[in-house]
Peer 1: 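Please read through the structure below; I'll follow up with questions.
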Amino acid sequence: MEGYEFFGVSQLLNSDILLLIDQIHLEIHDIKSEPAYFDMQNMIESLTALKDDYGFHVIHYEPNLSIERSASKGNQYYTYFDVVLYKNP
């Protein structure tokens, strides 16, 4: 889903494919713009739905600290990070 993380997760939620998936790895790159704020808000809602509706849990979260030193100054969240979710079958 490279480049489509913000749209791809919501599409997964609207399909039955998540019944067949046990692990998801997302590399998130948020850009600096007002629409990106709503993209990140949508991503958080999608991650919450993955947890609440499908039983996925975050097993790894890692901000990209080399990029974050310049990219996320003044932000309330890291804009470049990896997250891995796992569902017990």
Peer 1: Check side chain to side chain contact (heavy atoms under 4.5 Å, CB included) between Leu20 and all other residues, then give those that pass, not counting sequence neighbours.
Peer 2: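 Scan of Leu20 (side chain to side chain contact (heavy atoms under 4.5 Å, CB included), adjacent residues dropped) gives Ile17.
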Peer 1: In Å and rounded to the nearest 0.5 Å, what is the OH to CG distance from Tyr61 to Leu26?
Peer 2: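 One gets 12.5 Å once the value is rounded to the nearest 0.5 Å.
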Peer 1: When you group the ILVMFWY residues by side-chain heavy-atom contacts below 4.5 Å and let the links chain together, are Ile24 and Val83 in the same group?
Peer 2: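 Yes, it is one cluster - the side chains of Val83 and Ile24 are joined through contacts under 4.5 Å.
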Peer 1: Would you list the atom pairs, donor with acceptor, under 3.5 Å between side chains in residues 46-53 and any protein atom, with sequence neighbours excluded?
Peer 2:
{"unit_1": "Ser46", "atom_1": "OG", "unit_2": "Asn42", "atom_2": "O", "d": "3.1"}
{"unit_1": "Thr48", "atom_1": "OG1", "unit_2": "Ile44", "atom_2": "O", "d": "2.9"}

Peer 1: Could you tell me if the side chain of Val9 sits less than 4.5 Å from the side chain of Met43, heavy atoms only?
Peer 2: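 When only atoms from C-beta onward are counted, Val9 and Met43 do touch, with a gap below 4.5 Å.
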Peer 1: Would you call Leu65 and Tyr80 a side-chain contact if the rule is heavy atoms closer than 4.5 Å?
Peer 2: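 Leu65 vs Tyr80: side chains apart.
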Peer 1: What pair of heavy atoms forms the shortest contact from Leu18 to Lys87, and how long is it?
Peer 2: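 Closest pair (atom of Leu18, atom of Lys87, distance): O-NZ, 2.7 Å.
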Peer 1: Is there side-chain contact between Tyr54 and Leu19, with heavy atoms separated by less than 4.5 Å?
Peer 2: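 A side-chain contact exists here, since the closest heavy-atom pair is under 4.5 Å.
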Peer 1: Give the minimum heavy-atom separation between Ile21 and Phe56, together with the two atoms involved.
Peer 2: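 Heavy atoms only, the tightest pair is O-CZ, 3.4 Å.
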Peer 1: Say you draw a straight line from CG of Asp82 to CD of Glu62; how long is it, rounded to the nearest 0.5 Å?
Peer 2: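 Output value for this atom pair is 6.5 Å.
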Peer 1: Val84: which residues meet the side chain to side chain contact (heavy atoms under 4.5 Å, CB included) condition with it, sequence neighbours left out?
Peer 2: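 Val84 satisfies side chain to side chain contact (heavy atoms under 4.5 Å, CB included) with Gln23, His25, Ile59, His60 once adjacent residues are dropped.
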